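Basis for what follows: all heavy atoms, side chains included, without hydrogens, waters or symmetry-related copies. So that the names make sense, note that chain A is the first sequence line, chain B the second, and so on, each numbered from 1. This one's a predicted model, so the numbers in the text were calculated from it and none came from an experiment.
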Amino acid sequence: MSYALSTLWYERQRYMPAVLAVAFSCLLIALQCGLLLGLFSITSIPIDESRADIWVGHPAVPSVDLGMPIPEAWQSYLALPEVERTEPYMEGFAYWKKPTGGMELVLVIGTRLGPDSIGAIKQLTPELRTLLSEPSSIVIDEGEFARLGIDKVGDTAEIINKRVRVVGTVKGLRSLAGPYLFCSLDTARKILNPPPGQCTFILAKCHKKSDAPKVVAHLREFPKKLSPFTTEEFSTHSQLHWLFKTKAGIALGLAAALGLLVGAVVTSTTLHAATVASLKEYAVLRALGIPRWRMAMMVISQAFLVGLSGIIVSLPVIFGIAYLGNVVAKVMLPPELLGGAFAITMTMAMCSGLFALRSLRHVEPVTLLR
Amino acid sequence: MIATMTMQDLGMPAVAPTTTPTMKAEGITRSFGSGDTKIFALRDVSLELYPGQITLLMGPSGSGKSTLLAVLSGLLHPDTGSVTIQNQDLWAMTERQREAFRLQHFGFVFQGYNLFPALTARDQLEMILRWGNGASARDAREKTDEMLDILGLSKRAHLRPLQLSGGEKQRVAIGRALIKQPGFVFADEPTAALDWKHGQHVIELLRAAAHDQASTILVVAHDSRIIPFVDRVLLLEDGVLFEGPEKPGELFNANPVQTGY
Ligand SMILES: Nc1ncnc2c1ncn2[C@@H]1O[C@H](COP(=O)(O)OP(=O)(O)OP(=O)(O)O)[C@@H](O)[C@H]1O
Ligand SMILES: [Mg+2]
């Protein structure tokens with residue numbers, strides 16, 4: 001390893017392209033994933049900002065914003081000793097008719113509004129909740145006015161021929177798809193018009209939050225097919241749904257694969273060229289009877305060191321760009337993501353090393369005798 | 001130090017000097033190409049080499065010197081013939097066995113220096129012990145220090161090939177061949193790229209290895225000024241081997257001149 005390190009350092013100019021290519025791959029993967037994670041964390045905002053411990057939905061529910069009607073009566077399944085109380089949750093897409101003309105798809109979210117409500121997002125202050133208890137009143141994020149074609153609190157618009165009025169705003173709840181409209185259960189029912197006695201989700205709060213996984217496991221055993229999740233599970237489930245089932249996830253995969261391919265080609269070409277440049281030296285070692293695997297280890301060690309250097313080089317750049325990028329879009333870089341990006345990058349570097357091994361086939365000691 | 005090392009250290013039986021050959025080659029032929037363009041590089045070459053002797057192989061360009069060296073050292077398969085060392089036929093072994101045999105018994109010096117540009121003189125030598133014999137870092141370091149001392153390179157141990165003169169580089173290359181204390185050393189034109197002063201030093205190092213360690217050393221060279229320094233001369237002409245003058249040192253009536261190293 002130390003010979004590989006000396007070589008890498010002494011001939012750093014030769015190895016620089018490979019290190020930079022690895023750094024580039026790592027950067028691309030980490031930032032792409034971080035950006036998408038930031039983007040998709042938005043899709044689970046209504047889950048993360050509620051106070052529910054458990055979400056129960058239709059068996060086929062793929063994501064929080066794609067709920068399907070279930071009977072409110074299912075609440076009885078949740079009459080368990082660990083469960084403190086339950087409540088229905090209404091949610092669905094609807095078309096918002098902009099006063100300025102045109103339509104906008106919006107996500108209507110109706111919850112109970114009392115101080116002990118489980119579904120209402122934490123940003124709804126007691127004042128806002130009082131205002132929302134008026135029929136047909138809604139709260140939106142302060143950044144959504146333009147998208148909805150209105151100017152200020154107090155403006156009205158039509159959703160499927162029903163007039164609604166904006167009574168207040170919240171911060172930091174912009175959505176990925178349609179803007180969120182927060183309202184009361186009654187308002188949501190009026191807009192979405194579900195079959196009688198149906199809601200979209202049933203939320204539950206446990207006496208102890210730590211009991212939630214146990215309750216969920218119990219509900220999964222039910223003969224009646226439910227789709228129960230703890231809040232954390234449901235949040236991840238929703239994000240992953242968007243990640244994998246949308247084009248964004250595919251785009252991420254392609255971009256990352258492209259970055260990896262570039263990194264792999266440059267790295268293996270560099271290692272190959274470095275080995276070929278030392279063919280005569282390796283040939284002497286072979287003449288002296290030093291086994292081939294020692295030389296293979298040298299190449300692999302170099303690959304490892306190139307990978308490691310690349311990752312180290314990429315670190316400050318990743319954080320720098322993420323910091324700057326946060327002004328425009330949310331970039332999330334949890335340790336798991338960074339670890340994953342490093343692991344993938346390192347694997348790529350090591351595979352390049354393995355690929356470069358074929359250069360050792362040209363080591364022929366007899367060519368030294370002429 | 002190197003003077004106290006004997007053949008026992010190398011795991012070989014002690015041999016009476018110049019009586020029992022350490023290497024015996026019989027009926028070696030080797031050709032290249034086929035049909036009209038077929039060249040016979042070696043024609044029925046037989047020879048014996050003795051421990052503690054440095055043997056010089058001379059001959060015109062293209063006479064087959066390098067080819068013979070390659071066959072004797074297990075790097076090039078002969079068409080016919082055998083190379084016997086310690087009752088083992090080198091060319092009856094598997095590739096792997098031959099590799100292990102070379103590791104245990106053979107050292108090489110080639111015309112080019114063939115040193116890793118990124119590694120120091122010390123690294124180049126240490127590497128052979130670490131990789132070849134799996135020596136511990138400490139052992140390798142000690143042996144390397146001794147060898148650098150013998151080579152007169154102790155003060156230049158930390159330098160890389162680019163910072164070393166041609167003579168110094170060739171001395172490192174010689175150290176690489178000798179550091180395993182091999183029973184046999186094969187050198188192909190080790191002095192060709194050096195001026196006579198440095199070439200002489202290189203030959204003296206090889207000669208010392210033969211005499212002090214009872215190694216069997218075969219050197220290919222053009223320069224007849226080397227003759228006084230060797231114990232025996234072989235001549236190769238058009239693939240046929242002849243024994244050279246009996247006592248080369250006396251024949252040329254020259255004594256090895258002490259160099260200033
Ligand atoms: N790989 C090869 N392919 C074809 N012919 C070869 C090959 N190697 C050697 N020869 C031929 O074999 C003959 C002997 O070559 P060799 O290299 O042994 O000569 P040499 O005595 O070492 O010459 P020099 O003093 O120039 O190094 C030459 O005619 C050479 O052209
Ligand atoms: Mg030659």
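For A/Phe24, the CZ atom sits in a loose shell: 12 or fewer heavy atoms of surrounding residues, nucleotides or ligands are nearer than 6.0 Å. Surrounding CE of A/Met332 are more than 12 heavy atoms belonging to other residues, nucleotides or ligands, all under 6.0 Å away. Within 6.0 Å of CD in B/Gln163 there are more than 12 heavy atoms belonging to other residues, nucleotides or ligands. More than 12 heavy atoms of other residues, nucleotides or ligands lie within 6.0 Å of OH in A/Tyr10, so this atom counts as buried by the packing criterion.
The closest side-chain heavy-atom distance from A/Val284 to B/Phe110 is below 4.5 Å.
Contacts between B/Ala70 and chain A at a heavy-atom distance below 4.5 Å involve backbone atoms as well as side-chain atoms. Interface remark: B/Glu126 contributes backbone and side-chain atoms alike to the contact with chain A (heavy atom separation under 4.5 Å). The parts of B/Arg130 that come within reach of chain A are both its backbone and its side chain, each placing non-hydrogen atoms under 4.5 angstrom from that chain. Of the atoms belonging to B/Phe106, it is backbone heavy atoms, and not side-chain ones, that fall under 4.5 Å from chain A. Both the backbone and the side chain of B/Arg176 come within contact range of chain A, with heavy atoms under 4.5 Å apart. Contact annotation for A/Leu285: only side-chain heavy atoms (C-beta onward) come within less than 4.5 Å of a heavy atom of chain B. Of the two parts of B/Leu162, only the side chain, counted from C-beta on, holds a non-hydrogen atom closer than 4.5 Å to a non-hydrogen atom of chain A. Only the backbone of B/Leu115 comes within contact range of chain A, judged by heavy atoms closer than 4.5 Å. A/Arg370 touches chain B through its backbone: at least one of N, CA, C or O sits under 4.5 Å from a heavy atom, while the side chain does not.
The CH2 atom of B/Trp131 sits 7.5 Å away from the OH atom of A/Tyr3 when rounded to the nearest 0.5 Å. From B/Met127, atom CE reaches atom CG of A/Leu288 across 11.5 Å, with rounding to the nearest 0.5 Å.
The choice from A/Leu8, A/Val366, A/Leu279 that makes the most heavy-atom pairs within less than 4.5 Å of chain B is A/Val366. Among B/Leu103, B/Asp123, B/Thr67, B/Thr120, the residue making the largest number of heavy-atom pairs under 4.5 Å with chain A is B/Leu103. The most heavy-atom pairs under 4.5 Å with chain A, out of B/Val220, B/Ile128, B/Asn133, come from B/Ile128.
What you find for A/Pro365 and B/Leu75 is that their closest heavy atoms are CB-CD2, 3.8 Å. When all heavy atoms of A/Leu369 and B/Leu69 are compared, the pair lying nearest together is CD2-CD2, 3.5 Å. Among all heavy-atom pairs drawn from B/Glu99 and A/Arg286, the shortest one is OE1-NH1, 3.0 Å. The minimum heavy-atom distance linking B/Pro117 with A/Glu11 is given by the pair CG-OE2, 3.5 Å.
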